[in-house]
Every structure is written in C-alpha cells, then in structure tokens.
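Heavy atoms only: backbone and side chains are in, while hydrogens, waters and symmetry mates are out. Order of listing sets the numbers, starting from 1, for every ligand and every atom in it.
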Amino acid sequence: MTIRDVTDVHEEFGGERLPPGQSETAEFPVLSKGDTPEFDPETWTFTVTGAVETELRYSWAEFQELPTETQRQDFHCVTGWSRLDNDFRGVPFPTLAERAGVDDAAAHVMFTSLDGYSTNLPLEDCMRDDVLFALELDGEALPPDHGGPLRVVTPHKYAYKGAKWVTGVEFLTEQERGYWEQRGYSNTANPWNEERRSSL
Ligand SMILES: Nc1nc2c(c(=O)[nH]1)N[C@H]1C(S)=C(S)[C@@H](COP(=O)(O)O)O[C@H]1N2
Ligand SMILES: [Mo]
C-alpha cells in the first residue's frame with residue numbers, strides 16, 4: 001500500500017512542523033461537543049448538495065466503493081496538542097466535488113454531522129487532495145469517538161475544521177458559519193498564524 005506523506009504541509013504556510021504554541025502528544029484525545037452518535041449502516045446516508053450540477057446521495061455501501069488514498073498527516077487541535085504521523089485512508093474532497101460538478105458561483109462549503117455539528121471553509125481550502133473524508137486511521141476502521149465511520153481531516157487547519165461523523169457537504173454561494181465559528185473560534189483557523197479565537 002502506498003502512503004502519501006503530506007506532513008510537509010507546514011512549508012506551504014512558512015512554519016515549522018509543530019505550529020507555534022502546540023505540544024506533541026502520542027495520545028489521541030477525544031474532543032466532541034456531546035455524545036458519540038449511533039451509526040446505523042442501513043440508514044446512514046451521505047449527501048452533496050447546494051451549488052452543484054448534480055446533487056449526490058450515497059449509502060454506506062456505496063460510499064465505501066469510492067476511490068481512496070492513504071496519507072500520512074499531522075493533526076493540530078486548537079486546545080494545544082498535535083498528533084503527528086496519522087495514517088488516514090479516505091476519499092479526497094476534490095473527487096466528490098468533481099462527481100457533483102461545482103457551480104461557478106460556489107465559493108464556500110458547509111460540512112454537517114450526525115451530532116448536529118457543522119463547520120465551514122472557503123471552497124479553495126477544500127479543493128485540496130489533503131482534505132480527506134477519512135474512513136480509516138492507522139489501518140483500522142476510524143474509531144467511533146474519533147468520528148467513525150467517516151470524518152473530515154484538514155491538516156492545513158486546526159482540527160475543528162474537520163467534521164467528525166460527517167454526513168453532508170453543502171456548496172454555498174454566500175458564507176455561513178459553523179458550530180465553533182459561531183461561538184468565537186477563528187473562521188480561518190491557520191495553525192501557523194495561531195488563528196485560534198476570532199474577535200467576531
Ligand atoms: N461532528 C463533530 N465534529 C467535530 C467535533 C464535534 O464536536 N463534532 N469537534 C471538533 C473539534 S473541536 C476537534 S479538536 C476535533 C477533535 O477530533 P478528535 O476527537 O478525533 O480528537 O474534531 C472536530 N470535529
Ligand atoms: Mo477543538
């Protein structure tokens with residue numbers, strides 16, 4: 001199996017591998033706004049909606065047939081810990097965007113989750129091969145507490161930009177703010193600029 005190492009993403013942002021104010025941990029803490037939601041493979045559906053040519057809907061069986069790649073990525077939590085060298089297998093964001101056909105007018109994206117969480121990003125921050133819909137971590141099915149069966153990972157942003165238990169991607173023409181972005185966390189979330197809180 002080929003693993004693409006993207007742990008050099010910090011070079012794109014002119015920073016060190018460990019962003020300022022972060023400490024490396026070998027643990028993988030769990031940070032969720034509430035309880036881990038139930039996953040029912042029979043009823044789970046994933047949708048791509050909004051400013052696209054074709055809205056998409058996948059069952060769990062169908063989603064698992066999508067082409068994936070495995071990448072070695074770092075993971076930076078806004079509360080100050082970083083877990084390095086995570087091997088995530090997942091579907092790159094651009095693969096789904098191409099299947100739906102993104103409208104020219106689309107400029108933003110909202111991710112939605114089974115637990116009611118949401119998070120937003122500009123479209124250009126999503127149209128990167130390192131933004132993955134991750135199904136596996138370190139060769140195992142993604143653990144439920146870490147967002148299994150499916151989560152987003154965003155190695156170029158603090159981890160709250162990656163929705164656990166993701167079930168929806170909406171393409172937007174106007175920006176909307178997600179759960180933490182409405183509650184004082186940075187809308188931009190660049191770890192190498194320490195964009196943690198927003199002045200709102
Ligand atoms: N659906 C959902 N996604 C979420 C969250 C959440 O509460 N619900 N928390 C976010 C935050 S604040 C962080 S730091 C990471 C934590 O991921 P982890 O629990 O796998 O460490 O998930 C992000 N994605
Ligand atoms: Mo977080």
Side-chain angles (χ1 to χ4, degrees), residues 6-7 9 18-40 43-49 60 63 70-91 93 96 109-122 125-126 130-170 176-198 200:
V6 299
T7 59
V9 68
L18 194 63
Q22 296 293 109
S23 340
E24 187 180 346
T25 175
E27 308 298 309
F28 198 171
V30 171
L31 279 177
S32 306
K33 72 177 186 67
D35 293 336
T36 294
E38 285 295 321
F39 162 54
D40 179 350
T43 57
W44 186 93
T45 53
F46 179 92
T47 59
V48 181
T49 58
W60 176 238
F63 197 94
T70 302
Q71 295 180 11
R72 184 155 298 165
Q73 299 192 349
D74 295 340
F75 188 101
H76 309 296
C77 174
V78 70
T79 61
W81 54 267
S82 293
R83 188 182 196 258
L84 306 184
D85 292 325
N86 307 287
D87 292 347
F88 287 112
R89 184 174 76 84
V91 180
F93 185 97
L96 280 174
V109 174
M110 183 70 79
F111 298 91
T112 52
S113 298
L114 277 177
D115 64 338
Y117 188 78
S118 57
T119 185
N120 63 286
L121 278 173
D125 279 321
C126 296
D130 57 0
V131 174
L132 290 180
F133 294 93
L135 302 145
E136 287 183 7
L137 168 65
D138 296 338
E140 310 274 352
L142 189 67
D145 287 349
H146 288 299
L150 187 71
R151 81 172 299 161
V152 180
V153 285
T154 54
H156 59 322
K157 298 289 180 186
Y158 287 125
Y160 63 89
K161 290 292 183 180
K164 302 198 283 189
W165 313 298
V166 64
T167 50
V169 179
E170 187 178 6
E176 293 171 21
R177 282 179 190 245
Y179 183 86
W180 282 123
E181 292 87 355
Q182 291 175 28
R183 289 166 176 79
Y185 281 89
S186 166
N187 193 31
T188 47
N190 176 341
W192 294 279
N193 282 343
E194 284 201 79
E195 294 164 359
R196 297 178 197 270
R197 306 288 302 185
S198 138
L200 289 176

Asp138 versus Asn86, side-chain donor and acceptor atoms under 3.5 Å | no

Which ligand 1 atoms does Trp165 reach within 4.0 Å, using its non-hydrogen atoms?
-> 1 (N), 2 (C), 8 (N)

Assess the side chains of Glu181 and Thr119: does a donor N or O sit below 3.5 Å from an acceptor N or O?
-> yes

Heteroatom distance test (Cys77, ligand 1): nitrogen or oxygen, under 3.5 angstrom | no

Distance from atom 8 (N) of ligand 1 to nearest protein heavy atom, with residue and atom = Asp115 OD2, 2.8 Å

Please report which non-hydrogen protein atom sits nearest to atom 24 (N) of ligand 1, along with the residue it belongs to and the distance in Å to one decimal place.
-> Gly162 O, 2.8 Å

Think Arg151 forms a cation-pi with Phe133, using NZ or CZ under 6.0 Å from the six-ring centre and within 45 degrees of its axis?
-> no

Indicate, as side chain, backbone, both or neither, the part of Tyr158 found under 4.0 angstrom from ligand 1 when only non-hydrogen atoms are considered.
-> neither

Is the closest side-chain donor-acceptor distance between Ser32 and Lys164 under 3.5 Å?
-> yes

Ligand 1 contact by Trp180, heavy-atom criterion under 4.0 angstrom = yes

Between Tyr160 and ligand 1, which residue portion shows a heavy-atom distance shorter than 4.0 Å: side chain, backbone, both, or neither?
-> both

How far is atom 6 (C) of ligand 1 from its nearest protein heavy atom, and which residue and atom is that?
-> Tyr117 CD1, 3.6 Å

Taking every heavy atom of Leu142 against every heavy atom of Leu137, the minimum-distance pair comes out as CD1-CB, 3.9 Å

Least distance between heavy atoms, Trp165 atom then Gly148 atom | CD1-O, 3.0 Å

Which one holds for Tyr179 and ligand 1: side chain close, backbone close, both close, or neither close, with close meaning a heavy atom under 4.0 Å?
-> neither

Could you find the nearest protein heavy atom to atom 7 (O) of ligand 1 and give me its residue, atom name and distance?
-> Lys33 N, 2.7 Å

What do you reckon, does Ser32 put a non-hydrogen atom under 4.0 Å from ligand 1?
-> yes

Sidechain N-carboxylate O distance under 4.0 Å for Arg89, Glu140 | no

Does the side chain of Thr7 come under 3.5 Å of the side chain of Asp74 through a donor N or O and an acceptor N or O?
-> no

Quick one: are Trp81 and Phe75 in side-chain contact, heavy atoms under 4.5 Å?
-> yes

Min side-chain heavy-atom separation Tyr185-Arg196 under 4.5 Å = no

Val131 versus Cys126, closest heavy-atom pair with distance = CB-O, 3.7 Å

protein heavy-atom neighbour closest to atom 3 (N) of ligand 1 works out as Lys164 N, 2.8 Å

Does at least one non-hydrogen atom of Trp81 fall below 4.0 angstrom from an atom of ligand 1?
-> yes

Contacting atoms of ligand 1, where contact means under 4.0 angstrom from a heavy atom of Val30 = 19 (O)

Around atom 16 (C) of ligand 1, find the nearest protein heavy atom and jot down its residue, atom name and distance.
-> Leu31 O, 3.5 Å

Determine whether the aromatic ring centres of Phe46 and Trp60 lie less than 6.0 Å apart.
-> no

Run the contact test for Phe75 against ligand 1 with a 4.0 Å cut-off on heavy atoms, strictly below, and give the result.
-> yes

Answer with yes or no whether the side chains of Glu195 and Thr188 bring together a donor and an acceptor at under 3.5 Å.
-> yes

Measuring from the heavy atoms of Arg151, does anything fall under 4.0 Å of ligand 1?
-> yes

Would you mind listing which atoms of ligand 1 come within a distance below 4.0 Å of any non-hydrogen atom of Phe28?
-> 20 (O), 21 (O)

Below 4.0 angstrom from a heavy atom of Ser113, which ligand 1 atoms are there? Numbered from 1 as shown, please.
-> 1 (N)

Just let me know how Ala163 lines up against ligand 1, side chain, backbone, both or neither, with a heavy-atom cut-off below 4.0 Å.
-> backbone

In this structure, atom 21 (O) of ligand 1 is nearest to the protein heavy atom Pro29 O, 2.7 Å

